[in-house]
Each structure stands twice: as C-alpha cells, then as structure tokens.
Amino acid sequence: MTPRLRFAPSPTGYLHVGGARTALFNWLYARRHGGTFILRIEDTDVQRSSWEMVSGILDGLKWLGIDWDEGPEVNGPHAPYFQSERLERYRTAARDLLAKGLALEDDGAIRFKVPPGQTTFTDSVHGPIAFDNEHIENFVILRSDSHPTYHLSVVVDDIDMQVTHVIRGDDHISNTPKHVLLFHAFGATPPAFAHVPLIMGPDKKRLSKRHGATSVMEYEKQGYLPEALFNFLALLGWGTGSDDEMLSRDELVQRFTLEGISGGNAVFNTGKLDWFNHQYLLRLDDDALIARLRTRLEAAGYWRDALSGADRDWFVKVLGLLKPRAKTLNEFIDQLTPFFVDPDGYDEEGVRKHLSASGMADHLRALRDTYAAADGFTASGLERDLRALAESRGLKAGALIHATRLALTGCMVSPGLFEMLELVGRDRALARMDRLARHLTGAA
RNA sequence: GCCGGUAUCGUCUAGGGGUCAGGACGGGUGGUUCUCAGCCAUCAAACCGGGGUUCGAAUCCCCGUACCGGUACCA
C-alpha cells in the first residue's frame, strides 16, 4: 500500500509558516515514498472560513512549490475535499455510532462514549504514548446544530480518504487518543501518527504576529525566495543527520525521514532565513535574477525592456555590485535606486560628518571638472584621478570619497564609489556632483 | 490543578557508555578597504539539576526543575 498523507488546514487565516512546515513534512514524506499528498480544507466552521482564505492558502502552497495530488482544483477519487460539503457524511457517521451504542445524546448533541481502559499509539517522533481513558471525557462529536466537531470530521475523512500517515503539529498530541478511539469505533485501523514540534518566536512563545511575519505570502512580499523558505522550514525541527544545509527540494525529498524530526520546539530564526535567502540569491544566474526582480522593478518604475536587451550587460554589472549586500529581492530594489534615479535628499548625519568641512563645495566642483575632462570613465581611472586631486588639495582621499558618495547616492553607505560612478555614468554623476555643490553653496 | 510532551553553544542541530562534544546562523578579534556588505584568518560559546547503574554517563535508570502543548458543542 502506498502511503497517503494529507495537509488539512482550516481556512480561518492565511497560510502560516507553521502550517506550511507541516504541509512540507507531509509532502516530503509522500514524495519520498511515492505516495499521495492530499489537500483537504477543514472549513466546518463556516463563520470563520472564507474563500479568500482558501485561495490564500493555495497560493502559499503553490508559491512554495508544494503541489497536491488530490484536493481543491485537482479533485480526486475522494472528492469533495471541502469538509463543508461533507456534512451529511459526518451526521451519518455520528448516527451510526449512536445506533451501535458507542455514542450518546446529550442536549441535542452527540457525544462519544469513551470506554474504560487505556488508549495507546506509537508516535513516529515521540515513541509510544499512553493515555488513561479516565482522563478523556465523553467528547462531543456532533454539535447540537448538527455540525461535526473537529474530532469527528478528521477521523471520518481520514478513513474515507484512506490516509495512512498523519503528520501534524504537536498541539494535537492530546487529541490523538480521541481519534484513535474513533478509528476503532468505526472499525478502522488508525493511521501512523507523527507529531512535529511547534515553531516558536525568539522568546520561546508560540510564533505570532507580534514576532513579525507569520504568513508565508508575507515573506514573498518581503522578497524572500520560495526555495530559501522551503529549505529553511524543512530544517526547522528536522535534522538530516549530516552537516549539509543548502539542500534542494529533491535532496530534501531523498533524505527525509520521520525519525529525523526532533522532539523539542524550534525557534524561528529570521537571521538564518536571511542567510539562506542570500545564499539562494547568490546562486541565481543573471537572467534568473533579473526575472525574479522583474515585478519589483516594474513596481518601482525602474523597468525598461532594454534591461534584458541592450542594457543587459550594464545591468548585470550593477547587480554584481549589489549581490554581496542584498539579502532579499526588496533589498536589491532599494540598493538599485542610485542607478535609476537621482538622490532626493542627503543623509543628515552624512552631511554633518562629511560635508561640513569648509571648501567641500569647491573640492567637489574641482573633482567634477577633473572627471568632466577625463579621457575615460572607468573605476580605476576615476580612483586615480580622485586620489591625485585630493593630494594636490591637501585633502584626505577618504574625505573626498565620502562627500562624493553623498553626492552620488545621498547615502553614507553604498558599494565601492568608483565602481558606482562608472556604472551610474558620467553625465548623471557630474550632474549629481554639481547639484550637491550648489546645495552646499546655497546652504552656506 | 490534571493529562501529555521536551530538555546539547544565544538559535537550528550532529552525535551518543570512553569524542579535543562536530557543523551552520549569529557574535568577538585581526586582515583586505572609501563606507557598508562580502571575502580571508582567528576566537569565544553547550550536554537543565540531583541521585543512582558502571572501571567510565552528556549518553542508560530514577527523582526534581523548567519550558511547551492540551484540558471547549475551536481547529
């Protein structure tokens, strides 16, 4: 029997990174063993569920590259995959149990009669786990409004859909005996269970909005690459048993085991995600990088078709300058600014530190004139000219460099000044130096 | 409170009766240098505590402690 796994989100919010990781583990296991990955929408809580949320979840999964074999949009032999469309099925199941004397009516609701004894199961992550049934109350399976509770719908669906492995969050571990009891009551064999540790914030509290972004698509917005998030999430709470960390989707599939999942909760370390993202960004070839940047370039108003045509070589050089410093696609866009538009102001601290020396406007004009008269406009020549000029004027090269950087970018930090000058080009560079010189004179 | 789970550097983790307890992120220092980043070199940093078992325990057992989760006609 080939394994059948499922991810069963409740569409009461967007795809959370914790949910995404659960989906990821299920997907990894299914792909590793040639099984089936099912997506089932647990929308029995009609008030809190919406189509917008459903499509948000699908988008998040698709963006991460997690595809499903059965479920919304693709359907399958056990359709429908929305619990809201299976309500009658749950009612029948609850009445079945009632008829068999395994459940009882209570105030219009139906409760499962928990038998005496002990309920045990073997968790692939935690090992054997036992609960005394006396600690489990006769729990409701069908509400008085005839809607199923989570316990009922989950078990009925897992039976109907022939789910063989349930990989879910640790928070379900104490629900599991209830589910095991239900599987038995329905005459079914419970699936194998694997409860994965929860994702926490840096303060070891359950990850929530106050820790920062928790939605998968929020990371997309911030300029993270799906393959980076995928890799990072896969290794959160799971060890491959080796020192390798940069692992492709396929490598992750090949190495995935339930036993490698660790028992304790895992802190979501944004810094590590940044590192992964940077690594993946660095591995993108030029055209791929440009393609990934495209939408954002358009939004910023920087895009022109020549960037992938006549100006491609220039653009590739610019990107090369930014690669060591941009950790996200958004940072690329930020740092790309001086290559597309003139500075719209000057960093205040920079002005104080680097422009307050008297005569700076004059030095800047002198440099501007030198550059205007220079034969070529390449980094090495520009550097040589600047240093010579600084020396002739009794100025430290650094001082002139910093002032020129402010003129060119408006900022105190940027890639190497001379490389930037070369790529910004003579006309724009001279204009910006003029402008700062005028600005300084006007201010004085 | 009760039930369940977990415990290795700050973080993610490897390992697991005898190891210099390994890697990565982050951090420190030095170098490269016009700033930042990067890069190179280098350093610091952990087996929750207490009892056992054993020639030997971080590893096995017990007891604590801490943390997390559950304790709904939420999922």
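Quick caveat: nothing in here was measured; it's all calculated off a predicted structure. In what follows, every heavy atom counts, from backbone to side chain, and hydrogens, waters and symmetry copies are set aside. Naming: A, B, ... by sequence-line order, numbering from 1 per chain.
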(message) Are the side chains of A/His354 and A/Arg405 in contact, using a 4.5 Å heavy-atom criterion?
(response) no
(request) Measure from the side chain of A/His151, starting at C-beta and using heavy atoms only, and say which of B/rC73, B/rU33, B/rA75 lies closest. (result) B/rA75
(message) So if I take every side-chain heavy atom of A/Lys205 and compare against B/rC67, B/rG38, B/rC34, which nucleotide ends up nearest?
(response) B/rC67
(request) Check the distance between B/rC39's C1' and A/Lys323's NZ and give it to me in whole angstrom. (result) 16 Å
(request) Just call it for A/Asp274: base, sugar-phosphate, or nothing, with non-hydrogen atoms closer than 4.0 Å on any strand. (result) nothing
(request) Both distances under 3.5 Å, Watson-Crick or G-U wobble: report the partner of B/rC39, or none. (result) B/rG31
(message) Is it the case that the side chains of A/Asp160 and A/His78 hold a donor-acceptor pair, with the cut-off being a distance below 3.5 Å and no angle test?
(response) no
(message) Let's see if you can work this out: which of B/rA37, B/rC12, B/rC34 has an atom nearest to the side-chain heavy atoms of A/Arg325?
(response) B/rA37
(request) Output the single nucleotide from B/rC12, B/rC36, B/rG5 whose closest atom is nearest the side chain of A/Val267. (result) B/rC12
(message) Any base atoms under 4.0 Å from A/His172, or only sugar-phosphate, or nothing? Heavy atoms, all strands.
(response) base
(message) Here's a test of your reading of the structure: between A/Asn265 and A/Ser262, which maps to the more 5' nucleotide of RNA chain B?
(response) A/Ser262
(request) Just call it for A/Gly108: base, sugar-phosphate, or nothing, with non-hydrogen atoms closer than 4.0 Å on any strand. (result) nothing
(request) Kindly point out which of B/rC73, B/rG23, B/rG5 is positioned nearest to the side chain of A/Ala109? (result) B/rC73
(request) Determine which nucleotide pairs with B/rA58, using a 3.5 Å limit on both distances of a Watson-Crick or G-U wobble pair. (result) none
(request) Check whether any side-chain heavy atom of A/Leu400 sits under 4.5 Å from a side-chain heavy atom of A/Arg393, and report yes or no. (result) no
(message) Under the side-chain contact (heavy atoms from CB on, under 4.5 Å) test against A/Leu284, which residue among A/Leu281, A/Asp286, A/Leu282 passes?
(response) A/Leu281
(request) For the side chain of A/Phe131, starting at C-beta, report the closest nucleotide among B/rG4, B/rC36, B/rG70. (result) B/rG4
(message) Using the side-chain heavy atoms of A/Arg206, tell me which of these nucleotides is nearest: B/rG69, B/rA75, B/rU6.
(response) B/rG69
(request) Let me know the distance between NZ of A/Lys272 and C1' of B/rG26, rounded to the nearest Å. (result) 9 Å
(message) What's A/Ala397 touching, base or sugar-phosphate or nothing? Going by heavy atoms closer than 4.0 Å.
(response) nothing
(message) Within the 4.0 Å heavy-atom criterion, would you say A/Pro202 contacts the bases, only the backbone, or no part of the nucleic acid?
(response) nothing
(message) Return the pairing partner of B/rG69 with a 3.5 Å limit on both distances, Watson-Crick or G-U wobble; otherwise return none.
(response) B/rC3
(request) Report the nucleotide, chosen from B/rC2, B/rG10, B/rG5, that has the shortest atom-to-atom distance to any side-chain atom of A/His135. (result) B/rC2
(message) Need to verify one output field. Residue with the more 5' nearest nucleotide on RNA chain B, A/Leu417 or A/Ser10?
(response) A/Leu417
(request) Determine the contact category for A/Asp132: base if any of its heavy atoms lies under 4.0 Å from a base atom, sugar-phosphate if only primed atoms, P, OP1 or OP2 are that close, otherwise nothing. (result) nothing
(request) Specify the separation, in whole Å, of atom CG of A/Leu386 and atom P of B/rU33. (result) 16 Å
(message) Could you tell me how far apart A/Asn277 (CG) and B/rA24 (C1') are, to the nearest whole angstrom?
(response) 16 Å
(request) Look at all strands and tell whether A/Glu383 reaches a base, only sugar-phosphate, or nothing, counting heavy atoms closer than 4.0 Å. (result) nothing
(request) Once you apply the 3.5 Å cut-off to both distances, tell me the Watson-Crick or G-U wobble partner of B/rC48, or none. (result) B/rG64
(request) For the residue pair A/Asn175 and A/His172, confirm or rule out a side-chain donor-acceptor distance under 3.5 Å. (result) yes
(message) Could you tell me how far apart A/Met200 (CE) and B/rG5 (P) are, to the nearest whole angstrom?
(response) 17 Å
(message) If I take atom CZ from residue A/Phe25 and atom CZ from residue A/Arg32, how far apart are they, to the nearest 0.5 angstrom?
(response) 15.0 Å
(message) Of the listed nucleotides (B/rG23, B/rA75, B/rU6), which one gets closest to any side-chain atom of A/Glu245?
(response) B/rG23
(message) Can you confirm whether the side chains of A/Thr328 and A/Asn277 place a donor and an acceptor under 3.5 Å from each other?
(response) no
(request) Between B/rG28 and B/rC2, how far apart are the P atoms? Round to whole Å, please. (result) 46 Å
(request) Tell me which nucleotide among B/rA75, B/rG38, B/rC34 gets nearest to the side chain of A/Lys327. (result) B/rG38
(request) Answer yes or no: side-chain N or O of A/Asn175 and base N or O of B/rA75 forming a donor-acceptor pair under 3.5 Å. (result) yes
(request) Scan A/Ala130 against the nucleic acid and name what it touches under 4.0 Å (heavy atoms): base, sugar-phosphate only, or nothing. (result) sugar-phosphate
(request) Determine which nucleotide pairs with B/rU11, using a 3.5 Å limit on both distances of a Watson-Crick or G-U wobble pair. (result) B/rA24
(message) Applying a 4.0 Å non-hydrogen cut-off, can you work out what A/Thr149 is touching in the nucleic acid: base, sugar-phosphate, or nothing?
(response) sugar-phosphate
(message) Could you tell me how far apart A/Trp238 (CH2) and B/rA24 (C1') are, to the nearest whole angstrom?
(response) 15 Å
(request) Mind checking A/Thr176 for me? I need base, sugar-phosphate or nothing, with any heavy atom below 4.0 Å counting as a touch. (result) nothing
(request) Classify the nucleic acid contact of A/Phe232 as base, sugar-phosphate or nothing, counting any heavy atom under 4.0 Å across all strands shown. (result) nothing
